[in-house]
Amino acid sequence: MERIEKLLGIKDRTYARHVFIALCISFVVALGAVLYRNPGSWMDEQSHYYRAIQISNGDVYKNDNGNMALFGGMVSETQQSFMDYFIKNGPNHTFGLYPLSKVGKFQYSEKNRFQAATNAVPYHPLVYFPYVLIVLLNKILHLTPATEFIFMRLSGLAFAFFILILSIRIMPFSKWTIAALSLHPTILLTNSAISADVFTNVSIIFFVACLTKVTYKVAKLKSFQKLDAIQLGISIILISLAKVPAFLIIISVFPMLYFANKEKLTSRLINIFLLFTLFFSILCSLLLIVLIKDVNTGAYFGRNVNTFKQLSHIFSNIFNFISMYLREIFSYDYTVIQLGYAEEVIYQKPPILVSILYYVAYGLSWLYQEKEYRVTKIDIKKFNLIQIGKILSFFAIILSTFLILYLQFSIVGSDIIEGVQQRYFIAYSLLLLTFIPNIAKLKRPFLNGIVVVTYFPLITYIIYFFTQIF
């Protein structure tokens, strides 16, 4: 147990045990999903699968003869047939040992054909690197598409847990919050699938851990170390490579830098380095927006979508749009926990009471901290002001996500915003938590209750899983 405590950066044995058990359970369930959830059983997995293959073949921004609705690239005939088999079967084929199916015997092929994956093209190509590495390696090994698919999922899962463990180690306190997030079934199942959201989610978690670490130092009036700046800088760059609205999270960095500079806690070199990474990340995000501006994801799904016509509609009906826009944002149910495709709708999400209980426990999770942080003296005022920056960045991301989906996915002139999913906001929810060292000693039964309730959605998913396969 001492090695685990050292790995996670935890000195309290009970605390380390809770965090470690949560990570182990999350990993085991995710591993089961890797092996027993059929290809395409998670949202848009087929598109992300094709996209990783296309990038490995050098098709980064390729379309079908100038058709802006059909971006994609080349995939092998057997890779395409392998995935098509499961997509055609739909939700009635969610679970099974797919390597043992009839398509599991398909062999490696170098005969390629064009496959559209337009809805995955807006993601930065680098977010697919865990999967692309496996596809490139398979050009040498010539494994079957089924075996290659397993290793692609495993590569993404390994990357996700490496970043999760690293984030927990960096986080100075409230480490249980990250462990609690790893138990969220949507996060867990995303980690087990081939998805660009894996990179986005863990990049956000890593960023929050690094920001909390340096914020804690600012509040204690303790100088930055080079390692702190490097970790934060890397996290900022990773965020810039994630889903487009993610770069707005860097808004939360500026209040911290302001206080650090005011208290002379950073050197000139560290200031220059952090400012460079901030502006470099903004530049990367803007470059990605320019590259994908002509990608018509809505038309790919056969929808009457045109960004410029939608903008014209907005400006000609500005007050009606604002009313509709605010209504959609404030009436949206953010509490639904997505469990992926299933044979029946009832199995696609846990009961609402289970979801609410989880989010209550998750919202209180930052209060569960190691004993040594209960008596730490810090400048709470600075913590609160920096927290405002985090909250502002969260709402900026919410606003931009709804706006982007209205412009790029909703039908021109629509009075609703379509395409919004709860999974887009889960990792960002970390920004709303305060992460202030707890100066009050909380009773053990209360803390144990927080831990137990956190498992409710995952237990529900496991019950649903066995109900569907038997």
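Along the sequence shown, the residues carry numbers beginning at 1.
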Whether Glu45 and Arg153 form a salt bridge (side-chain N of Lys/Arg under 4.0 Å from carboxylate O of Asp/Glu) is what I want to check. yes

| said: I'd like to know if Asp44 pairs up with Arg423 as an ion pair, taking the criterion as any Lys NZ or Arg NE/NH1/NH2 lying under 4.0 Å from an Asp or Glu carboxylate oxygen. | reply: yes

*Taking it one step at a time, do Tyr216 and Phe173 satisfy ring-ring contact (aromatic ring centres under 6.0 Å, His included)?*
CA-CA 9 Å; Tyr216 184 52; Phe173 48 85; 5.1 Å; yes

Between the side chain of [X] and the main-chain N/O of [Y], is any donor-acceptor distance below 3.5 Å?
X	Y	answer
Ser155	Phe151	no
Lys175	Met171	yes
Arg51	Val60	yes
Ser26	Ala22	no
Asn201	Asp197	yes
Asp59	Met74	yes
Arg169	Leu164	no
Thr177	Trp366	yes
Ser235	Leu232	yes

Just wondering, more than 12 heavy atoms not from [X] lying within 6.0 Å of its [atom1]?
X	atom1	value
Ile346	CD1	no
Tyr455	OH	yes
Phe280	CZ	no
Tyr36	OH	yes
Lys139	NZ	yes
Phe465	CZ	yes
Lys243	NZ	yes

Using ring centroids (six-membered ring only for Trp), state whether [Y] and [X] fall under 6.0 Å.
X	Y	answer
Tyr362	His184	no
Tyr464	Tyr347	yes
Phe199	His124	no
Phe82	Phe149	yes
Phe394	Phe425	no
Phe159	Phe129	yes
Tyr424	Tyr428	no
Phe27	Phe161	yes

If you take all heavy atoms of [X] and [Y], which pair is closest and at what distance?
X	Y	answer
Ala146	Tyr98	O-CE1, 4.3 Å
Phe206	Gln231	CE2-O, 3.9 Å
Ala209	Ile178	CB-CD1, 4.4 Å
Ala361	Val453	CB-CG1, 3.8 Å
Gly96	Asn38	O-OD1, 3.4 Å
Pro39	Met83	CB-CE, 3.8 Å

Side chain proximity check, [X] to [Y], heavy atoms < 4.5 angstrom:
X	Y	result
Lys390	Thr215	no
Ser192	Leu31	no
Phe409	Ile404	no
Leu8	Leu23	yes
Thr190	Met43	no
Val420	Ile417	yes
Trp176	Thr454	yes
Ser203	Leu241	no

Whether the [X] and [Y] side chains hold a donor-acceptor pair (N or O, under 3.5 Å, no angle test) is what I'd like checked.
X	Y	value
Ser174	Gln369	yes
Gln422	Tyr332	yes
His48	Tyr131	no
Ser281	Ser240	no
Gln421	Gln338	yes
Asn119	Ser47	yes
Thr147	Thr144	yes
Glu148	Gln79	yes

Just how far is it from atom [atom1] of [X] to atom [atom2] of [Y], taken to the nearest 0.5 Å?
X	Y	atom1	atom2	answer
Thr266	Met256	OG1	CE	9.0 Å
Ser365	Leu430	OG	CG	8.0 Å
Leu189	Arg37	CG	CZ	5.5 Å
Ile53	Ile134	CD1	CD1	12.5 Å
Leu211	Ile249	CG	CD1	8.0 Å
Gln310	Ser410	CD	OG	6.5 Å

Audit row: Ile205, Ile163, side chain to side chain contact (heavy atoms under 4.5 Å, CB included) steps and yes/no: CA-CA 8 Å; Ile205 294 170; Ile163 300 298; 5.8 Å; no

- Task: Go through the steps to decide whether Ser429 and Tyr359 satisfy the test side chain to side chain contact (heavy atoms under 4.5 Å, CB included), and finish with yes or no.
- Result: CA-CA 10 Å; Ser429 64; Tyr359 282 117; 5.7 Å; no

Tell me, with the steps shown, if Ile391 and Leu431 meet side chain to side chain contact (heavy atoms under 4.5 Å, CB included). CA-CA 6 Å; Ile391 293 173; Leu431 295 169; over 6 Å; no

Item to check | From CA spacing to verdict: side chain to side chain contact (heavy atoms under 4.5 Å, CB included), Tyr406, Met324 | outcome: CA-CA 11 Å; Tyr406 187 70; Met324 178 277 296; 3.5 Å; yes

